[in-house]
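One structure is given below, encoded as structure tokens.
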Amino acid sequence: MAESEYESVLCVKPEVHVYRIPPRATNRRYRAADWKLDQPDWTGRLRITAKGNLAYIKLEDRNSGELFAQSPVDEFPGIAVESVVDSSRYFVIRIEDGNGRRAFIGIGFVDRGDAFDFNVGLQDHFKWVKQQTELAKQAENPDSGPKLDLGFKDGQTIKLNIGNVRKKENASGKPRPSAGGMGLLPPPPGAKAPTLLPPPGSVSVQDSVMHQPVKPATPEILGDLFAPDLPPAQASHAAATDLWGDFATAPSSASSQVTQNENWVQF
């Protein structure tokens with residue numbers, strides 16, 4: 001044991017009773033009922049300390065702190081500390097005087113909580129000792145521990161759901177043709193819109209409509225759908241007074257042609 005190891009205190013109980021117990025004749029466990037529980041042989045303070053992997057149960061005087069007896073414990077549960085069969089408040093410990101002499105004595109606590117703390121203090125220490133031993137073994141042989149295998153097994157697959165793929169495909173696709181068919185290209189910058197000249201001898205629709213008097217809707221406008229059968233003479237007169245008759249007749253004089261051209265509206 002190294003001299004540099006420090007001693008830590010695991011548990012302190014202000015009152016503990018010590019009993020002289022008879023030697024065990026058989027292999028059966030100790031019974032506290034066989035002791036003189038109402039007449040303890042010594043009463044004092046109990047302190048559990050740890051130094052390295054060993055724990056020490058020390059019985060000390062409550063006033064002066066003088067050591068009465070101590071029990072080195074190398075494992076728990078074990079032969080150094082045993083619980084009795086008929087109570088949870090009493091234990092049997094093995095004490096040593098440092099000269100190789102050993103003896104077994106009984107100890108007991110008035111409160112069950114003190115007995116519980118005594119038991120848990122020893123358990124926690126040796127649990128820590130076990131963890132330290134396992135860590136030391138792993139440090140000496142790092143390849144002996146289980147390895148973490150993150151590779152794919154035979155036939156194992158993985159599925160990834162990427163939600164932005166469809167959006168990118170739709171954005172990079174060709175634009176769909178419009179439902180209205182092929183669109184007309186706009187004229188180049190600075191170009192003038194083409195103007196259509198009226199044919200010679202024709203009268204514009206706007207001029208003809210403006211000069212015609214507004215008449216109520218009669219069957220004459222709708223044509224032959226509602227018009228009654230007329231004699232040939234009346235039929236020729238009705239055709240002459242028709243609203244769209246100007247498109248059928250074209251005057252031959254040059255003056256009328258000039259007048260008509262002035263009334264033409266350019267689109």
Side-chain angles (χ1 to χ4, degrees), residues 1-140:
M1 184 181 300
E3 296 294 337
S4 60
E5 292 180 350
Y6 63 91
E7 185 180 46
S8 61
V9 178
L10 303 180
C11 179
V12 176
K13 293 302 173 183
E15 184 177 5
V16 63
H17 300 301
V18 175
Y19 303 92
R20 184 180 298 176
I21 60 177
R24 184 167 50 182
T26 61
N27 292 332
R28 67 183 183 88
R29 297 173 60 184
Y30 290 99
R31 293 175 58 89
D34 298 338
W35 308 344
K36 298 179 180 180
L37 299 179
D38 55 344
Q39 299 176 359
D41 296 296
W42 184 83
T43 301
R45 180 180 65 187
L46 180 141
R47 200 160 56 95
I48 302 176
T49 62
K51 190 173 183 180
N53 294 339
L54 289 178
Y56 296 89
I57 302 174
K58 296 182 178 183
L59 304 176
E60 302 172 342
D61 186 84
R62 287 185 292 185
N63 298 324
S64 62
E66 182 182 358
L67 181 64
F68 173 74
Q70 72 174 3
S71 171
V73 182
D74 55 356
E75 62 177 350
F76 181 80
I79 193 174
V81 180
E82 297 182 41
S83 60
V84 297
V85 70
D86 57 346
S87 177
S88 61
R89 295 187 291 115
Y90 296 92
F91 301 88
V92 176
I93 63 175
R94 184 185 61 186
I95 59 176
E96 297 180 3
D97 62 354
N99 297 324
R101 293 184 301 178
R102 300 176 178 178
F104 291 92
I105 61 174
I107 62 173
F109 300 93
V110 178
D111 189 3
R112 293 184 184 274
D114 294 340
F116 177 80
D117 294 341
F118 170 81
N119 197 6
V120 171
L122 292 174
Q123 287 179 357
D124 290 345
H125 171 71
F126 287 100
K127 187 183 296 184
W128 173 82
V129 171
K130 183 178 179 181
Q131 293 176 353
Q132 295 298 318
T133 304
E134 292 177 355
L135 291 175
K137 291 180 180 179
Q138 292 180 3
E140 293 177 358

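Counting from 1, the numbers follow the sequence of the chain as shown.
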Are Leu46 and Asp114 close enough, and set up right, to give a side-chain contact (heavy atoms from CB on, under 4.5 Å), and what steps lead you there?
CA-CA 10 Å; Leu46 180 141; Asp114 294 340; over 6 Å; no
Quick note, salt bridge (charged side-chain N to carboxylate O under 4.0 Å, His left out) partners involving residues 70-94, not counting sequence neighbours, are Arg24-Glu82
For Arg102, the salt bridge (charged side-chain N to carboxylate O under 4.0 Å, His left out) test, sequence neighbours excluded, returns Glu96
Less than 4.5 Å apart, any side-chain heavy atom of Ile57 and any of Val73? yes
Scanning both residues in full, the closest heavy-atom pair of Ala80 with Ser71 reads O-OG, 4.0 Å
Rounding to 0.5 Å, atoms OH (Tyr56) and CD1 (Ile48) come to a distance of 14.0 Å
Under the 3.5 angstrom rule, does the side chain of Asp41 hit a backbone N or O of Arg20 as a donor-acceptor pair?
-> yes
task = Please answer whether the main-chain N or O of Leu37 pairs with a side-chain N or O of Tyr19 as donor and acceptor at a distance below 3.5 Å.
result = yes
Phe118 and Phe91 aromatic ring geometry - parallel, tilted or perpendicular at 30°/60° bounds: tilted
Looking only at heavy atoms, the pair that brings Ala50 and His125 closest together is CB-CE1, 3.5 Å
Applied to residues 57-68, the salt bridge (charged side-chain N to carboxylate O under 4.0 Å, His left out) test, sequence neighbours excluded, yields Glu7-Lys58, Arg45-Glu60, Arg47-Glu60
Heavy-atom closest pair (Gly52 atom, Trp128 atom, distance to 0.1 Å) is O-CZ3, 3.8 Å
Separation between OG (Ser88) and CZ (Phe109), nearest 0.5 Å, reads 11.0 Å
So salt bridge (charged side-chain N to carboxylate O under 4.0 Å, His left out) across residues 25-34, not counting sequence neighbours, yields Arg28-Asp34
task: Could you tell me whether a side-chain N or O of His17 sits under 3.5 Å from a main-chain N or O of Gly106, the two making a donor and an acceptor?
output: no
task = Check whether any side-chain heavy atom of Asn119 sits under 4.5 Å from a side-chain heavy atom of Phe76, and report yes or no.
result = yes
Paired with Ile21, the side-chain contact (heavy atoms from CB on, under 4.5 Å) test is passed by just one of Val84, Val92, Ile105, namely Val92
The ring pair (Phe, Tyr, Trp, His ring centres under 6.0 Å) partners of Trp42 (sequence neighbours excluded) come to Phe68
Heavy atoms of Lys13 and Cys11 approach each other most closely as CE-SG, 3.8 Å
Between Val16 and Gly108 the two heavy atoms that sit nearest each other are CG2-O, 3.5 Å
Rounding to 0.5 Å, atoms NZ (Lys137) and CD (Glu134) come to a distance of 7.5 Å
When rounded to the nearest 0.5 Å, the distance separating CG of Leu10 from CG of Asp117 is 12.0 Å
Hits for side chain to side chain donor-acceptor pair (under 3.5 Å) against Arg101, two or more places apart or cross-chain, chain-then-number order -> Asp97
Quiz prompt | More than 12 heavy atoms of other groups within 6.0 Å of Asn27 CG | solution = no
Scanning both residues in full, the closest heavy-atom pair of Trp35 with Pro22 reads CD1-CD, 4.2 Å
